[in-house]
Amino acid sequence: MKDFDYSVVKHYKFYGFVKKVFGPIFKKVYKLKFKGLENVPTDPNQKYIVAVNHTCAFDPVFVSIPKNVPPLHFMAKIELFKNPIAGWVIKHLYGFPVRRGKGDNSAIEYGEKIIEEGHVMAICPEGKRIKDKDGVPQKAKSGVAVIAKATNASVLPVAVCCNGAIKAGKQVTISYGKLISLSDMGLDKEELAPSDIKKAANMVMDNILALWEAERNAD
């Protein structure tokens, strides 16, 4: 795999093409249903991170399909980039590699650059795909809070919900919650302890879980 260039955030026309052509296909194949789209910020100056539970490889794709959702730059495990074809596709869909479990500063700093330059980053707070067969959101790692604090960005919680494992032909609901501000997360203080960061990350995950449970209880 050619080394990823973390020094600059690039624009790819391929993303727009895929969203326009394959978005409708994904909607039909996975019977996608979208709720809470009015919560997606419309102010271009609003800095925010999209936080979504990690149910399958298509989570960032599902979340980004609606027209009013901007391109989402997302972390993907570095192993996916070892295949040159898959790596090219992921990169041109605004994915960037991260070494999981190793405190990858390059990926974290690139995420900060994305937001500082006015783009939107998507992150799965759980850090890896969940294995719970019912898709129940799990505990969050600290990354979402670390990046939010570093960039003064709010967080938009999003829940991907399906009755059981996500498969073609089953209905998948994407529920967008209300924006969580820096002060809501307790990250507007100058001095923060590790426990404050963890508490903020857990708050984000609690919001995602609440959206997920509301959708499951509505079935």
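By convention here, the first residue in the shown sequence is residue 1. Values below: every heavy atom of this structure, side chains too, minus hydrogens, waters and symmetry copies.
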Inset, instruction - Answer yes or no: is there a side-chain heavy-atom contact under 4.5 Å between Ser106 and Phe4? - result: no

Legend entry - Heavy atoms from other residues, nucleotides or ligands near CZ of Phe17 exceed 12 (cutoff 6.0 Å): no

Legend entry - Ser181-Ser183 side chain donor-acceptor pair, cut-off 3.5 Å: yes

Inset, instruction - Spell out, as yes or no, whether a donor-acceptor pair under 3.5 Å connects the side chain of Lys141 to the backbone of Glu126. - result: no

Legend entry - Heavy-atom closest contact (Glu112 atom, Ile147 atom, distance): CG-CG2, 4.5 Å

Legend entry - Under 3.5 Å donor-acceptor, Asn68 side chain and Leu37 backbone: yes

Inset, instruction - For atom CZ of Phe14, decide whether the heavy atoms of other residues, nucleotides or ligands shown that lie under 6.0 angstrom number more than 12. - result: yes

Legend entry - Backbone N/O of Thr55 and side chain of Asp59: donor-acceptor pair under 3.5 Å: yes

Inset, instruction - Determine whether the aromatic ring centres of Phe62 and Tyr30 lie less than 6.0 Å apart. - result: yes

Legend entry - Reported NZ-to-SG distance for the pair Lys33 and Cys161, which is rounded to 0.5 angstrom: 10.5 Å

Legend entry - Euclidean distance, Lys10 NZ relative to His73 NE2, rounded to 0.5 Å: 13.0 Å

Legend entry - Nearest-0.5 Å distance, NZ of residue Lys91 to CG of residue Leu80: 15.0 Å

Inset, instruction - Test Val155 against Met185 for side chain to side chain contact (heavy atoms under 4.5 Å, CB included), laying out the working first. - result: CA-CA 9 Å; Val155 175; Met185 293 182 282; 3.7 Å; yes

Legend entry - Contact summary for Gln46 and Leu179, nearest pair of heavy atoms: CD-CD2, 3.7 Å

Legend entry - Contact check, side chains of Ile197 and Leu187, non-hydrogen atoms, under 4.5 Å: yes

Inset, instruction - Step through the shown structure and confirm whether more than 12 heavy atoms of other residues, nucleotides or ligands are within 6.0 Å of NZ on Lys199. - result: no

Inset, instruction - First locate atom CD1 of Ile108, then atom NZ of Lys113, and finally report the distance between them rounded to the nearest 0.5 Å. - result: 14.0 Å

Legend entry - Heavy-atom pair with the smallest gap, counting every atom of Lys149 and Asp188: NZ-C, 4.4 Å

Legend entry - Minimal non-hydrogen separation, Val204 against Ile180, with atom names: CA-CD1, 4.2 Å

Inset, instruction - Kindly check if the number of other-residue, nucleotide or ligand heavy atoms within 6.0 Å of CD1 (Ile85) is above 12? - result: no

Inset, instruction - List the steps and the verdict of side chain to side chain contact (heavy atoms under 4.5 Å, CB included) for Lys19 and Ile65. - result: CA-CA 6 Å; Lys19 182 169 180 173; Ile65 284 177; 5.6 Å; no

Inset, instruction - Taking the side chain as every heavy atom from C-beta outward, state whether Ile49 and Leu156 have any pair of such atoms under 4.5 Å apart. - result: no

Legend entry - Hydrophobic cluster identity match, Tyr6 and Val8, side-chain contacts under 4.5 Å: no

Inset, instruction - Show your reasoning for whether side chain to side chain contact (heavy atoms under 4.5 Å, CB included) applies to Val160 and Ile166. - result: CA-CA 10 Å; Val160 176; Ile166 292 177; 3.8 Å; yes

Legend entry - Side-chain heavy atoms of Lys167 within contact of Lys170, under 4.5 Å: yes

Inset, instruction - Using a 4.5 Å cut-off on heavy atoms from C-beta on, say whether the side chain of Ile115 contacts that of Val120. - result: no

Inset, instruction - Over 60° means perpendicular and under 30° means parallel, so classify the ring planes of His11 and Tyr94, tilted if in between. - result: tilted

Inset, instruction - Mind listing the closest non-hydrogen atom pair of Asn39 and Gly177 along with its distance? - result: CB-O, 3.0 Å

Legend entry - Close side-chain approach of Met121 and Ile123, heavy atoms under 4.5 Å: yes

Inset, instruction - Identify whether Ile25 and Val61 are in the same connected component of the hydrophobic contact network (ILVMFWY, side-chain heavy atoms under 4.5 Å). - result: yes

Inset, instruction - Please check if the side chain of Lys47 supplies one atom and the backbone of Thr151 the other of a donor-acceptor pair under 3.5 Å. - result: yes

Legend entry - Separation of Glu215 CD from Thr173 OG1 (nearest 0.5 Å): 4.0 Å

Legend entry - Phe58 vs Phe26, ring pair (Phe, Tyr, Trp, His ring centres under 6.0 Å): CA-CA, chis, key distance, verdict: CA-CA 10 Å; Phe58 296 130; Phe26 269 91; 5.2 Å; yes

Inset, instruction - May I ask you to test the Ile90-Phe81 pair for a side-chain heavy-atom distance under 4.5 Å? - result: yes

Inset, instruction - Output yes when a side-chain donor or acceptor of Tyr176 lies under 3.5 Å from a complementary backbone atom of Phe34, and no otherwise. - result: no

Inset, instruction - May I ask you to decide if Ala140's main-chain N or O and Lys198's side chain share a donor-acceptor pair within less than 3.5 Å? - result: yes

Legend entry - Side-chain (Asp196) to main-chain (Ala193) donor-acceptor, under 3.5 angstrom: yes

Inset, instruction - Indicate the atoms forming the closest heavy-atom contact of Gln171 with Cys162, along with that distance. - result: O-SG, 3.5 Å

Inset, instruction - Run the numbers on Tyr15 and Ser64 for side chain to side chain contact (heavy atoms under 4.5 Å, CB included), then give the verdict. - result: CA-CA 10 Å; Tyr15 181 95; Ser64 66; 3.2 Å; yes

Legend entry - Side-chain heavy atoms of Tyr48 within contact of Val40, under 4.5 Å: yes

Legend entry - CD1 on Ile174 to CG on Leu211, rounded to 0.5 Å: 11.5 Å

Inset, instruction - Verify, without hydrogens or angle tests, whether Asn152 (side chain) and Ala148 (backbone) share a donor-acceptor contact under 3.5 angstrom. - result: no

